[in-house]
Amino acid sequence: MSYVSNFKPLSSKALSIEPSATLKVSAKTKELKSRGVDVINMTAGESDLLPPRWLLENLKLYSSKPGVNLYKPTAGIPELREEIARKYQKYNGINYTKDEVIITIGGKHAIYLALAALCNDGDEVIVISPYWVSYVEQVKIVGAKPVILETDSRNGFIPDINKLRELVNAKTKAIIVNSPNNPTGAVYPAQVLKGIFEIAYTNGVYVISDEIYENFVYEGDFISFASIDEKAKNMTIVINGFSKSHSVTGWRIGYACANKEIINLMDSIQSHISSGTSSLVQYAFLGFLDHYEEDVKSLSVFKERRDYIANELKGICSYIPSGAFYYFIDVSKFYNGDIKNSVDFCEKLLDKKLLSLVPGVAFGDDRYVRLSFACSMETIKEGIKRLKEFFEGL
Ligand code: PLP
């Protein structure tokens, strides 16, 4: 079947991994765009805003400083680890020290390192569906088994604590929590986080809390999982990063906070896999706390976009996201002979209206499609117009 057919088979673990569906769709859309086709791209998982000016200036400044070009400690430069710890003290009420922080190649790699530090072959990791595409595949890569807890828009995509309790057993090693959530935009209320904490704590299960959309909350308050109880800090690996908040998805910088033992293990793995992320990018972020409030404020345009879409899609989409920058829209009532699933829906939409969305099947729920509002208001207006026309024609 391949040019190496007379050799031994490739890794069955690797062959069981699905390539990132969201990146695939957005690559196809970018390719159409590069050919001059008038496609409206609402697939993006990245902000359209420019990185803050102070950050670009820092990048330039540090690029010529002696020594910045060289290898740095694999867990990250101490000054930035320290500053991230101070951010948690000041804004999240959690007392991390710099040794409880690791800087990684984006939030994605932080999640992988956390899973690799926690899991043995055969362990189970509970993933709440709809889920961000990489959780399930990363759990498989580390030899564990993803166990899915389903939610849907009728209960605001909030997990049912009793159902969670039923899924936990002796093999459960961790629960992945993602609030604000990609793809649904759900922000879990305090009592739900506490419910998850109680179950995890009583069963000796870790929580990987992916908080990368911390700064994108429109309703309710953001609560870091590690802050909900004195004991939560010790059993939680908080994942965060600058990709979304500072519009630097391509720079590849994220971080994790956890107890020292877990951070040391993650560092040990990172030291062999990549030696950590770019030294220059880390230096550029020094001083980020001085600009934090102003940078977060600049994200308020996302609320305006969310509200505009809520108004335009009245009657089409009753679930309004409280956070992140996505609408997860139930389109299953339009499934018929021609459109049987979310992939068909997105393909037809792209064909007929040149509007690109991500099929919900990529996030574990084929009834939905994901629409990103991380794009200009002009793009949103045109995209929503095309989507409404498409719905009318169905
Ligand atoms: N976690 C969630 C929920 C995400 O949506 C993303 C990116 O789309 C990430 C983590 C990874 O972010 P990064 O680009 O920092 O690796």
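Keep in mind that the numbers below use all heavy atoms, side chains included, and drop hydrogens, waters and symmetry copies. Note that the structure is predicted; figures quoted are calculated from it, not measured. Ligands are counted one by one from 1 in listed order, and the atoms in each one are counted from 1 as well.
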Should the pair [X]-[Y] be classified as a salt bridge under the 4.0 Å nitrogen-to-oxygen rule?
X	Y	result
Asp307	Lys303	yes
Glu219	Arg306	yes
Lys352	Glu389	no

**Message:** Would you say Ser356 and Thr29 are linked by a side-chain donor-acceptor pair, where the criterion is simply a distance under 3.5 Å?
**Reply:**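 Yes - a donor-acceptor pair under 3.5 Å links their side chains.
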
**Heavy-atom donor-acceptor pair, Glu82 side chain to Ile77 backbone, under 3.5 Å** =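 Side chain of Glu82 to backbone of Ile77, a donor-acceptor pair under 3.5 Å: no, none is there.
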
**Request:** Would you check whether Lys108 has a nitrogen or oxygen atom less than 3.5 angstrom from a nitrogen or oxygen atom of ligand 1?
**Result:**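 Right, the criterion is met.
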
**Prompt:** Which heavy atom of Ile126 sits nearest a heavy atom of Leu149, and at what distance?
**Reply:**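 Taking every non-hydrogen atom into account, CG2-CB, 4.2 Å.
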
**Item:** Shortest non-hydrogen separation from Glu46 to Thr249 and the atoms involved
**Value:**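 Looks like OE1-OG1, 2.6 Å.
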
Those atoms of ligand 1 less than 4.0 Å from some heavy atom in [X]:
X	value
Gly107	13 (P), 15 (O), 16 (O)
Asn178	3 (C)
Ser243	13 (P), 14 (O), 15 (O)
Lys244	5 (O), 6 (C), 7 (C), 8 (O)
Gly106	15 (O), 16 (O)

**Asked** At what distance is the nearest protein heavy atom to atom 12 (O) of ligand 1, and which residue and atom is it?
**Response**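 Minimum-distance protein heavy atom for atom 12 (O) of ligand 1 reads Ile212 CD1, 3.6 Å.
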
**Prompt:** At what distance is the nearest protein heavy atom to atom 2 (C) of ligand 1, and which residue and atom is it?
**Reply:**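 Going by distance alone, atom 2 (C) of ligand 1 is nearest to Asp210 OD2, 3.3 Å.
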
For ligand 1, does [X] get within less than 4.0 Å through its side chain, its backbone, both, or neither, judged by non-hydrogen atoms?
X	answer
Tyr135	side chain
Asn181	neither
Glu46	neither

Ligand 1 contacted by [X] (non-hydrogen, < 4.0 Å):
X	result
Phe242	no
Gly241	no
Arg252	yes

**Request:** Examine Phe345 together with Phe390 and report whether their ring centres are nearer than 6.0 Å.
**Result:**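 Centroid separation for Phe345 and Phe390: below 6.0 Å.
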
**Message:** Is it the case that the ring center of Phe328 lies less than 6.0 angstrom away from the ring center of Tyr319?
**Reply:**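 When the ring centroids of Tyr319 and Phe328 are compared, they turn out to be at least 6.0 Å apart.
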
**Of Asn259, Val238, Ile84, the residue whose pairing with Tyr96 passes side-chain contact (heavy atoms from CB on, under 4.5 Å)** =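 The residue from Asn259, Val238, Ile84 that satisfies side-chain contact (heavy atoms from CB on, under 4.5 Å) with Tyr96 turns out to be Val238.
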
**Message:** Please compare Ile253, Val133, Val248, Asn182 and report which has the shortest non-hydrogen distance to atom 5 (O) of ligand 1.
**Reply:**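 The residue whose heavy atom sits nearest atom 5 (O) of ligand 1 is Asn182.
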
**Pick from Tyr255, Trp132, Tyr131: the one approaching atom 6 (C) of ligand 1 most closely through a non-hydrogen atom** =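 Among Tyr255, Trp132, Tyr131, the closest heavy atom to atom 6 (C) of ligand 1 comes from Trp132.
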
